[in-house]
Amino acid sequence: MKRLLRSNTIFCLYTVVFLSLSYGVYLTSGTKYLDKLAIYYVSLFLFYLGLGLIGKRLKLIEKIKSIKVKKFQVKPIFIVLPIVLFILIHFIILGGSPTIKAMSLGTWQEIAKLRESIGTNVHPLIGYGSSIILKACLPFFLLYLLIKEEKLWYWILFAVGIFYVFSMMQKSFIVGFLFPSFVYSLISRKFLFAAKFIVIMIFVVVSLSKIANPNVSQEKQDHISDNTEVIVPIDTLTQTVADTTNFEEVIENADKTPSKLSVLIYGLQRRIMITPGKIVSAWFEHIPKDKPFLYGEGYRIIAKIKGKEHRSYASELYPLVNPKYAKQGFKGTVNTASFMYEYANFGTWGLVLSGFILAFIFVFIEQFFVDDLILKLSLNLYPLLFLTSTAITTLMFSGGWSFVIVFYYIFLFRNKASN
């Protein structure tokens with residue numbers, strides 16, 4: 001059993017994530033869409049079994065591993081300096097740190113506009129570069145320097161990285177930055193390092209919450225969702241959760257003056273299960289009733305081949321999911337679980353297709369990291385969690401997952417310190 005879990009770690013963990021997401025869908029829409037979720041997961045499971053057997057028989061991963069890549073020692077300065085220079089250039093273009101600017105603003109509406117401008121007021125190449133720095137370079141190379149015990153350069157990258165992710169006003173960025181090193185430290189029993197990462201993550205998340213909601217009292221937590229680009233006061237939460245959920249009844253009957261611990265637990269439950277589940281339910285509700293299946297136009301390459309304009313339902317569905325804030329002029333996105341993007345394009349068959357794509361990725365990762373459980377978890381667990389709110393193509397490229405795997409192959413593959 002232990003060997004089975006060790007060789008299928010990513011798939012087993014994703015199953016837990018998927019069950020959590022499914023529970024959120026159930027809370028927000030009942031059993032209405034559980035059949036579609038079942039189609040997706042059964043497809044994923046069967047493809048995973050089949051592709052796993054084919055992969056082992058053809059020994060494709062072994063052939064990839066056998067490709068001789070010249071191993072060379074990179075001086076830390078040539079890793080840290082390019083990252084720092086890019087961050088400096090980005091700050092110059094933005095006119096300073098957006099978060100520091102936000103501290104002088106008085107309303108959440110102004111801060112929402114500022115947050116929205118971070119991604120729209122820069123050249124696409126800078127935006128893409130920032131995404132790779134935030135989601136691949138900073139997390140991977142902080143872990144790399146930690147493993148190599150390059151203390152000076154580790155602390156330099158640690159400090160610069162924290163300020164950069166703090167300045168980008170997305171709470172998920174600090175978690176993504178420190179999570180690989182946190183998991184590595186935890187498994188390696190470096191508990192002081194693990195505690196340091198947890199404290200920093202909590203501090204940055206709480207700080208960004210307070211900065212983003214200057215006119216919300218301390219008894220109320222902010223309602224920024226990393227699935228959207230706008231800030232919503234907590235007062236609107238019970239209005240946005242579907243009427244079919246029995247979760248509302250629990251809240252209505254709860255203590256009117258909840259403790260901070262209960263607020264924290266509720267907030268975690270909402271972020272992990274309720275919000276992702278609610279958005280999946282919303283996509284199912286509006287597609288194809290209000291928005292037709294895209295038949296490939298949701299993918300830039302296919303849309304270009306068809307001579308059609310690329311369409312993003314993550315943006316187009318925002319006015320339907322959040323009409324109140326759309327009327328106020330806010331532009332946002334309702335990013336959802338990876339399999340919903342294939343559903344939006346091809347319906348039920350899209351769920352099957354998504355199962356195949358993700359099964360292929362899981363088989364590759366499981367076999368590629370087969371001898372390195374620590375780094376398999378450290379480098380892949382966070383992207384795995386983001387499958388509940390990001391398209392797989394986005395996660396692999398602008399989300400940095402494929403870059404992390406390439407970096408691992410170049411810098412840490414068969415590294416003794418990681419075993």
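One-based numbering along the sequence shown. Just so it is clear, the model here is predicted, and its values are computed rather than measured. Heavy atoms only: backbone and side chains are in, while hydrogens, waters and symmetry mates are out.
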| Residue of the set Ile200, Ile211, Ile174 for which side chain to side chain contact (heavy atoms under 4.5 Å, CB included) holds with Phe166 | Ile211
| Phe346: what forms a ring pair (Phe, Tyr, Trp, His ring centres under 6.0 Å) with it, not counting sequence neighbours? | none
| field | Phe360 atom CZ, over 12 foreign heavy atoms within 6.0 Å | value | no
Identify each donor-acceptor pair in which a side-chain atom of residues 280-289 lies under 3.5 Å from a protein atom, sequence neighbours left out, and give them as a table.
| unit_1 | atom_1 | unit_2 | atom_2 | d |
| --- | --- | --- | --- | --- |
| Ser281 | OG | Thr28 | OG1 | 3.0 |
| Ser281 | OG | Ser29 | OG | 2.9 |
| Ser281 | OG | Gly277 | O | 3.0 |
| Trp283 | NE1 | Val334 | O | 3.0 |
| His286 | ND1 | Asp290 | OD2 | 2.7 |

| field | Point-to-point distance, once rounded to the nearest 0.5 Å, from CD1 of Ile132 to CZ of Phe86 | value | 9.5 Å
| said: Test your reading of the model: is there a side-chain donor-acceptor pair from Thr333 to the backbone of Ser315, 3.5 Å cut-off? | reply: no
| query | Which residue pairs pass the salt bridge (charged side-chain N to carboxylate O under 4.0 Å, His left out) test when at least one of the two sits in residues 292-308, sequence neighbours left out? | reply | Glu297-Lys306
May I have the list of side-chain donor-acceptor pairs in residues 158-165 shorter than 3.5 Å, sequence neighbours left out?
| unit_1 | atom_1 | unit_2 | atom_2 | d |
| --- | --- | --- | --- | --- |
| Tyr164 | OH | His90 | ND1 | 2.6 |
| Tyr164 | OH | Ser130 | OG | 2.8 |

| field | Lys196 vs Phe182 side-chain heavy atoms within contact, under 4.5 Å | value | no
| Residue list, side chain to side chain donor-acceptor pair (under 3.5 Å) with Asn345, at least two apart or on another chain | none
| remark: Residue pairs meeting salt bridge (charged side-chain N to carboxylate O under 4.0 Å, His left out), one or both in residues 20-40, sequence neighbours left out, come to none
| Once the angle between the rings of Phe197 and Phe193 is folded into 0 to 90°, is it parallel (under 30°), tilted (30 to 60°) or perpendicular (over 60°)? | tilted
| field | More than 12 heavy atoms from other groups under 6.0 Å of CZ on Phe78 | value | no
| query | Counting only heavy atoms not in Phe293, do more than 12 fall under 6.0 Å of its CZ? | reply | yes
| query | Taking only residues two or more places apart in sequence or in another chain, which ones pass ring pair (Phe, Tyr, Trp, His ring centres under 6.0 Å) with Tyr40? | reply | Phe18, Phe339
| field | Pairing residues for Thr9 by the side chain to side chain donor-acceptor pair (under 3.5 Å) criterion, not counting sequence neighbours | value | Lys376
| field | Minimum-distance pair of heavy atoms, taken over all atoms of Ser7 and Tyr48 | value | O-OH, 4.2 Å
| note | When Val42, Leu353, Val352 are each screened for side chain to side chain contact (heavy atoms under 4.5 Å, CB included) with Phe47, the one that passes is Val352
| Looking at OG1 of Thr348 and CD of Glu342, how far apart are the two atoms once the value is rounded to the nearest 0.5 Å? | 13.5 Å
| Mind checking whether Tyr409 and Phe368 have ring centres under 6.0 Å apart? | yes
| query | At their closest point, which heavy atom of Leu37 faces which heavy atom of Ser22, and how far apart are they? | reply | CD1-OG, 3.7 Å
| message | Just checking Phe369 against Tyr408, ring centres under 6.0 Å apart? | response | yes
| said: Suppose we call two aromatic rings close when their centres sit under 6.0 Å apart. Are Phe362 and Tyr14 close by that rule? | reply: yes
| message | Once salt bridge (charged side-chain N to carboxylate O under 4.0 Å, His left out) is applied, what residue pairs with a partner in residues 311-323 remain, sequence neighbours excluded? | response | Lys291-Glu316, Arg311-Glu316
| field | Set of side chain to side chain donor-acceptor pair (under 3.5 Å) partners for Thr15, sequence neighbours left out | value | Tyr41
| Listed partners of Phe407 passing ring pair (Phe, Tyr, Trp, His ring centres under 6.0 Å), at least two apart | Phe140, Phe141
| task | Drop me the distance from Leu377's CG to Leu13's CG, to the nearest 0.5 angstrom. | result | 6.5 Å
| Residues which pass side chain to side chain donor-acceptor pair (under 3.5 Å) with Tyr343, listed by chain and number, not counting sequence neighbours | none
